[in-house]
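Reading through the structure tokens given below for one structure.
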There are 2 protein chains.
Amino acid sequence: MADVARLAGVSSQTVSRVSTGHPGVVESTRQQVLAAMRQLGYRPNSAARALKRGEFRTLGVILFTLATTGNSRTVEAIAGYAAKEGYAITLIPVAAPTQDGVLGAFSRLGELAVDGIIVIMEVHLLDAANLNLPPGVQVVVVDSDAGDRYPVVDTDQADGARQAVRHLLELGHETVWHVTGPAESFASERRTQAWRRTLLEAGRAVPPVQRGDWTADSGYRAGLALAAEPECTAVFAANDQMALGLLRAFHERGRTVPGDVSIVGFDDIPDSSSFIPPLTTVHQDFAEVGRRCVQGLLRQIRNEPEGPGTVLVPTRMVVRASTAPPGSRRG
Amino acid sequence: MADVARLAGVSSQTVSRVSTGHPGVVESTRQQVLAAMRQLGYRPNSAARALKRGEFRTLGVILFTLATTGNSRTVEAIAGYAAKEGYAITLIPVAAPTQDGVLGAFSRLGELAVDGIIVIMEVHLLDAANLNLPPGVQVVVVDSDAGDRYPVVDTDQADGARQAVRHLLELGHETVWHVTGPAESFASERRTQAWRRTLLEAGRAVPPVQRGDWTADSGYRAGLALAAEPECTAVFAANDQMALGLLRAFHERGRTVPGDVSIVGFDDIPDSSSFIPPLTTVHQDFAEVGRRCVQGLLRQIRNEPEGPGTVLVPTRMVVRASTAPPGSRRG
DNA sequence: CTCCCGGATGTTTGCGTTAACATCACGCTC
DNA sequence: GAGCGTGATGTTAACGCAAACATCCGGGAG
């Protein structure tokens with residue numbers, strides 16, 4: 001910076017004013033400084049800037065994996081909105097969804113240059129890690145029920161599941177079977193609860209739950225079990241990938257979809273419109289979730305406190321070709 | 001830090017020594033300092049640290065989207081290995097795959113606190129953005145052919161495509177049709193080149209290319225066109241999602257897979273084993289790509305220069321149920 | 001007993017930036 | 001024409017930390 005100042009024949013403070021876009025610099029001076037910057041390849045040192053300002057303009061995102069559609073899409077949206085607000089995103093991967101893994105991530109966190117953190121995981125794992133968040137670092141949580149302790153942003157899992165079940169009931173199915181996700185996922189639990197409640201409210205029987213782990217393979221295994229239940233005519237899968245597995249299992253067992261069995265998924269991943277048949281599913285607005293996360297976190301950082309509470313992003317049914325009235329097998 | 005020093009009854013330098021793990025601090029003193037740190041919730045200011053050390057311990061990853069399996073898996077691997085080396089990852093999303101978008105990302109880059117950058121995109125887009133990388137910032141590129149200017153790490157696209165085509169030829173197919181990805185993708189172009197060359201080397205006819213855009217939908221449209229070609233018995237899709245679309249198109253047109261038509265994909269996404277039928281595909285080792293990226297970049301940062309050059313990560317065929325000899329339709 | 005040496009700890013300084021204050025020149029008013 | 005205000009620019013200091021150097025202490029050699 002001193003070099004730039006010297007070359008431009010001004011003081012370093014004037015260089016600073018130019019590079020931060022402060023007013024009160026005459027145009028001719030400004031151009032000289034800009035020229036000197038270019039010539040010397042000057043680039044402000046963000047560490048020094050952060051040191052002086054006391055903030056990093058960076059948000060941390062802590063999560064287990066980018067392998068699920070939901071996580072990667074949410075992170076992408078977060079990164080986009082954060083960039084728009086002048087914030088960068090630092091990824092903090094947790095090695096494994098265990099206490100040790102979380103602990104490791106949070107110890108690294110202490111060293112990190114972030115102004116706030118978005119946590120994408122069930123919050124009881126944080127508790128297990130006897131969460132001592134660095135003071136001054138704000139938090140927003142996704143996929144959790146910690147609405148009484150931290151601000152939470154999430155898809156309206158319950159309403160989404162309710163819509164899925166209602167859709168199947170309205171088509172005339174007696175009841176709806178369910179393939180759930182892993183027990184440690186809050187989203188999965190919420191969807192299962194809502195499925196059960198919706199059936200109960202409609203006075204229907206609640207069939208036993210098939211447990212999966214989000215993967216298509218686990219959906220396939222669940223589908224094999226379900227195909228052996230002759231009275232199973234409608235299934236609500238907790239995500240699209242497990243629905244894909246169901247589709248294959250029913251196909252292999254000669255149970256046509258939607259003729260013999262109707263299937264609804266959750267997420268509306270891009271591929272789901274190309275399943276065989278195209279999948280009826282519950283659309284999640286990951287971009288909106290990301291946006292609300294960043295918005296909430298920045299509001300905290302800027303000291304416009306909101307306190308704990310939950311923001312629910314609505315879902316909507318996307319009806320494609322995997323659902324039909326029961327017993328509508330063609331031919 | 002001064003507060004901690006006061007509370008522990010030592011100088012701030014001793015606190016610094018403790019927090020950086022320097023030797024030459026007697027155990028009893030160390031414990032006192034540690035206790036004071038805990039009591040005050042002290043956390044070293046990484047901006048100041050970075051300022052003093054002249055490095056940020058952060059790597060930037062610049063890419064268009066996390067929506068493709070390859071990108072998100074690669075980023076995940078990068079983040080994991082970087083963490084292991086004590087580096088954090090900053091995500092730099094590019095709004096759109098246009099010159100403007102890239103330009104915007106690189107202007108933001110100037111402000112960013114990174115020691116090196118991993119670029120996941122075709123490098124000619126960088127050129128378009130008249131790339132003036134901040135001096136002192138190292139670069140590694142993925143999905144590009146810039147091996148003469150930057151170090152490049154990539155999947156061995158050509159060999160993967162060759163394996164796919166050979167597999168189909170060895171099953172007895174006369175030739176292999178191809179659904180390619182978007183023209184601006186280097187990976188896609190490489191796969192297409194290798195497909196063509198392999199056919200030529202085997203003295204086979206080279207059918208016209210169907211162009212897709214990586215999405216299952218585009219694969220579906222290509223599949224519709226291909227289903228109308230009676231002599232088409234084998235298709236190599238440039239990724240698994242387009243293969244999924246092909247599967248649906250052929251299914252809807254009553255062309256059985258693999259009885260009437262064999263299909264090979266590329267990527268080996270987790271879902272591909274649950275397609276109908278389970279997909280034969282080329283497995284990419286994204287984790288290895290990520291590891292090599294980080295390794296190469298850190299080597300540059302640590303001044304163990306390697307210069308430009310290309311690291312190719314091998315692929316392997318995963319044979320499932322979507323390929324068979326031609327005309328093997330059951331029944 | 002003195003001197004010296006080495007290990008433990010303290011003091012000083014500067015990393016690059018910007019806020020706050022100081023200065024300076026110019027033009028306007030009375 | 002003296003005084004004053006305004007806007008442009010310069011000077012100083014501090015952000016938190018750690019490298020370099022300074023100091024202090026105790027113990028062993030002579």
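Residue numbering restarts at 1 for every chain, and letters A, B, ... go by the order of the sequence lines.
Nucleotide D:dG10 holds its C1' atom 12 Å from the CE atom of A:Met1, rounded to whole Å. In this structure, CD of A:Glu55 is placed 13 Å from C1' of D:dC15, rounded to the nearest angstrom. For the pair A:Arg6 CZ and D:dT9 P, the interatomic distance rounds to 19 Å; values are reported in whole Å. Atoms CE (B:Met37) and P (D:dC17) sit 9 Å apart, rounded to a whole Å. Atom-to-atom, CD of A:Gln13 to P of D:dA8 comes out at 14 Å; the value is rounded to the nearest Å. Separating the CZ atom of A:Arg30 from the P atom of D:dA8 is a distance of 13 Å, rounded to the nearest angstrom. The distance from atom CG of A:Asn45 to atom C1' of C:dT18 is 13 Å, rounded to the nearest whole Å. Distance B:Glu27 CD to C:dT9 C1': 16 Å, rounded to the nearest Å.
Among the heavy atoms of the strands lying under 4.0 Å from B:Val10 are primed sugar atoms or P, OP1, OP2 only; no base atom is included. As judged by a 4.0 angstrom heavy-atom cut-off over every strand, B:Thr20 is placed among residues touching the sugar-phosphate backbone only.
OP1 or OP2 of C:dT18 lies within a sub-4.0 Å distance of a side-chain N or O belonging to A:Arg49. Dashed line: the shortest gap from a side-chain N or O of A:Thr29 to OP1 or OP2 of D:dT9 is under 4.0 Å. Between B:Thr14 and the phosphate of C:dG10, there is a side-chain N or O to OP1/OP2 separation shorter than 4.0 Å. For C:dT17, the OP1/OP2 oxygens have no side-chain nitrogen or oxygen of A:Ser19 closer than 4.0 Å.
When the nucleotides D:dT11, D:dA20, D:dC17 are ranked by their closest atom to the side chain of B:Lys52, D:dC17 comes out on top. Residue B:Val26 has its side chain nearest to C:dT9 when only C:dT9, D:dG16, C:dT18 are considered. Listed nucleotides D:dA19, C:dT18, D:dC15 differ in distance to A:Leu51; the shortest reach to its side chain belongs to D:dC15. Of the candidates D:dA18, D:dC17, C:dT18, D:dA18 carries the atom nearest the B:Ser16 side chain, counting heavy atoms from C-beta on.
Considering only heavy atoms from C-beta on, A:Leu66 comes within 4.5 Å of A:Leu91 through its side chain. With contacts defined as side-chain heavy-atom distances shorter than 4.5 Å, the pair A:Arg49/A:Ser19 qualifies.
Scanning atom types as modelled, one donor and one acceptor separated by under 3.5 angstrom connect the side chain of A:Arg17 and the base of D:dG10.
Heavy atoms from other residues, nucleotides or ligands lying under 6.0 Å from CZ of B:Arg190 number 12 at most.
Summarising the geometry, atom OG1 belonging to B:Thr155 is positioned 9.5 Å from atom CD belonging to B:Glu288; distances are rounded to the nearest 0.5 Å. The line from OH of B:Tyr87 to CD1 of B:Ile301 is 5.0 Å long, rounded to the nearest 0.5 Å.
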